[in-house]
Asker: 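Here it is, the structure, as structure tokens.
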Amino acid sequence: MKISVQEADFDVGAEISALRAGNPQIGAVASFIGLVRDLNDGSNVAAMTLEHYPAMTHKALTAIVAESETRWALLGCTVIHRVGALFPTDQIVLVAVASSHRADAFAACEFIMDYLKTQAPFWKKEQTPDGERWVESRNSDEAAAGRWG
Amino acid sequence: MKISVQEADFDVGAEISALRAGNPQIGAVASFIGLVRDLNDGSNVAAMTLEHYPAMTHKALTAIVAESETRWALLGCTVIHRVGALFPTDQIVLVAVASSHRADAFAACEFIMDYLKTQAPFWKKEQTPDGERWVESRNSDEAAAGRWG
Amino acid sequence: MNIKVLYFARLRERFGVSEEVIELPDSMAMVAMLLDVLRARGGEWAQALAAGQNFRVAVNQDMAAMNSPLEADDEVAIFPPVTGG
Amino acid sequence: MNIKVLYFARLRERFGVSEEVIELPDSMAMVAMLLDVLRARGGEWAQALAAGQNFRVAVNQDMAAMNSPLEADDEVAIFPPVTGG
């Protein structure tokens, strides 16, 4: 398991290569990349700042991945979440999961994203033409996390 | 939409970068990579050959992606499937889907893989210590495709 | 009418043929009837294409069913369930 | 006993404080009681932490509930619903 909270960008290809390296039992890698959009909730977004709770973020992500490992047969997992100033098209988060079979890889990847969206202490503040605003949490994210039981 | 059936390997990072390029409305990219395992159905696999039906593969993959575009709000999709001789840890298939939101990206990516596994005319032949064998289709793949209704 | 018939993977190997042209009466314009003609060859053909055997048929590169219609110069492919991905 | 309290994001800005140490009677050893102390400050504190407001509490970096116990030197964080990813 690799967990990283960082300001720096990440290289998706290199991260997936590292996740797979040396394990010919891996038959499936499911991954997700979250990106900054230039339009959100009807307003143009010029930039955003990602605040976090440094002492908790790594711990929360580790717990989420550990929980996914109890639910599915995984052969590796990488979670990288950026903090600080980000701009449209920038990468925010990478979740990549390796498994022997695709069903486990897909389910674990989506589970980790759903839990990250409701349990990991990150907050987005957007800069729009009307000034700065904190992004509101979505009920749909709570619902997505809730469906895993 | 980019569909390719090819002998050559592919670069996951470059493909995802190209899929995202120039569209700041993309907030989510879900992707899947299928890989050759060195052990399948209890036998060691030294190599495999992927046969296909050339006149149909591109058409079938295009139809599957087009169907996914009617079901979810997508902003781009790349499907690459290799044919010919492949060896353990080699990449077989890439499905990458871009959308504004993660639920659409995840669902379409998994849908495309499920349909590809049952509708696209590729066949794997494995080389094992007991000789060559055609890979058997799995009932679980039919069930996975069936759940999309 | 002439129908081009292709075989793939295990079926190609069992039949020892990858492609042939079969002349069908115009009245036999359905996948099921083409299969009857092939089964009538006996041997591997009768066994591999028997009812209940697990194979797929495509007509002009689209997945087809037993009652799919056939027209002159159609391309029919017969193959095992697919295993790519 | 002393409890370290952290605030994040919109709540940090509303309260104008990111971190403080609050001395609680040992008998007030539950998240709900710490919140009562904060609400008693009135103003933004009473409003933002009122029952029904949407905020989260973590104790020692784990998500916690109103009845989660507190011990001396615990680190409590109070923040809006998270919006990362």
Side-chain angles (χ1 to χ4, degrees), chain A residues 10-17 19-41 44-46 75 87-103 105-107 109-114 116-117 124 138 140-141 143-144 147, chain B residues 10-17 19-40 44-46 75 87-103 105-114 116-117 124 138 140-141 143-144 147:
Chain A
F10 49 81
D11 179 331
V12 173
E15 293 299 336
I16 290 176
S17 291
L19 173 66
R20 293 175 45 195
N23 190 345
Q25 264 303 291
I26 296 173
V29 174
S31 67
F32 178 83
I33 307 160
L35 304 158
V36 181
R37 294 188 297 139
D38 67 356
L39 187 73
N40 189 33
D41 286 337
N44 292 313
V45 175
L75 295 170
F87 301 89
T89 78
D90 277 358
Q91 301 184 125
I92 304 170
V93 63
L94 170 69
V95 175
V97 178
S99 180
S100 289
H101 301 290
R102 78 183 187 287
F106 270 120
C109 188
E110 198 162 7
F111 171 91
I112 291 167
M113 274 306 303
D114 284 349
L116 185 158
K117 282 269 187 184
K124 288 174 181 160
R138 295 176 190 273
S140 60
D141 286 330
R147 75 194 149 130
Chain B
F10 50 82
D11 178 331
V12 173
E15 293 298 336
I16 291 176
S17 292
L19 172 67
R20 292 176 44 195
N23 190 344
Q25 264 304 289
I26 295 173
V29 174
S31 67
F32 178 83
I33 307 160
L35 304 158
V36 181
R37 295 187 298 141
D38 66 356
L39 186 73
N40 189 32
N44 293 313
V45 175
L75 295 171
F87 300 89
T89 77
D90 277 357
Q91 300 184 127
I92 304 170
V93 63
L94 170 69
V95 175
V97 178
S99 180
S100 288
H101 301 291
R102 78 183 187 287
F106 270 120
C109 188
E110 198 162 7
F111 171 90
I112 291 167
M113 273 308 302
D114 285 350
L116 186 158
K117 282 269 186 185
K124 288 174 181 160
R138 295 175 189 275
S140 60
D141 285 330
R147 75 194 150 131

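Just so it is clear, the structure is predicted and the values come from calculations on it, not from any experiment. In what follows, chains carry the letters A, B, and so on, assigned in the order in which the sequence lines appear, proteins first and then strands, with residues in each chain numbered from 1.
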Asker: Using non-hydrogen atoms and a 4.5 Å limit, figure out which bit of Ser100(A) sits close to chain B: side chain, backbone, both or neither.
Answerer: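 Both backbone and side chain of Ser100(A) come within 4.5 Å of chain B.
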
Asker: Report which part of Val36(A) has an atom under 4.5 Å of a heavy atom belonging to chain B: side chain, backbone, both, or neither.
Answerer: backbone

Asker: Please identify, among Ala98(A), Gly27(A), Ala14(A), the residue contributing the most non-hydrogen atom pairs under 4.5 Å to chain B.
Answerer: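 Top count of heavy-atom pairs under 4.5 Å with chain B: Gly27(A).
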
Asker: Can you tell me how far apart CD (Gln91(A)) and CZ (Arg20(B)) are? Round to the nearest 0.5 Å.
Answerer: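 Result: 5.0 Å between the selected atoms.
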
Asker: In chain order, what residues pass the ring pair (Phe, Tyr, Trp, His ring centres under 6.0 Å) check against Phe10(A), with sequence neighbours excluded?
Answerer: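 Checked Phe10(A) against ring pair (Phe, Tyr, Trp, His ring centres under 6.0 Å); zero matches.
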
Asker: Please classify the contact of Arg102(B) with chain A as side chain, backbone, both or neither, using a heavy-atom distance under 4.5 Å.
Answerer: both

Asker: Go through the atoms of Ala144(B) and report whether side chain, backbone, both or neither lie under 4.5 Å from a heavy atom of chain A.
Answerer: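 Just the side chain, heavy atoms under 4.5 Å.
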
Asker: Check whether any side-chain heavy atom of Arg37(A) lies under 4.5 Å from a side-chain heavy atom of Ile26(B), and answer yes or no.
Answerer: no

Asker: Top residue by heavy-atom pair count (under 4.5 Å) with chain A, among Asn40(B), Val12(B), Val95(B), Leu39(B)?
Answerer: Leu39(B)

Asker: Taking every heavy-atom pair that is under 4.5 Å apart, which of Pro88(B), Ala105(B), Ser31(B) has the most such pairs with chain A?
Answerer: Ser31(B)

Asker: If we define contacts as heavy-atom pairs under 4.5 Å, which of Ala28(A), Ser17(A), Gly13(A) has the most with chain B?
Answerer: Ala28(A)

Asker: Need one label for Ile16(A): side chain, backbone, both or neither, based on atoms under 4.5 Å from any heavy atom in chain B.
Answerer: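 The answer is the side chain of Ile16(A).
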
Asker: Let's test your reading of the structure: which of Cys109(B), Ala21(B), Ala96(B), Gly22(B) forms the most heavy-atom pairs below 4.5 Å with chain A?
Answerer: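 Ranked by heavy-atom pairs under 4.5 Å with chain A, first place is Cys109(B).
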
Asker: Pick one of side chain, backbone, both or neither for Asp114(A), based on which atoms fall under 4.5 Å of a heavy atom in chain B.
Answerer: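 When you check distances to chain B, atoms from both the backbone and side chain of Asp114(A) fall under 4.5 Å.
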
Asker: Given the options Val45(A), Ile33(A), Val93(A), which has more heavy-atom pairs under 4.5 Å with chain B than any of the others?
Answerer: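 Heavy-atom pairs under 4.5 Å are most numerous for Ile33(A).
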
Asker: Quick one: side chain to side chain donor-acceptor pair (under 3.5 Å) partners of Ser99(A), sequence neighbours excluded?
Answerer: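 None.
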
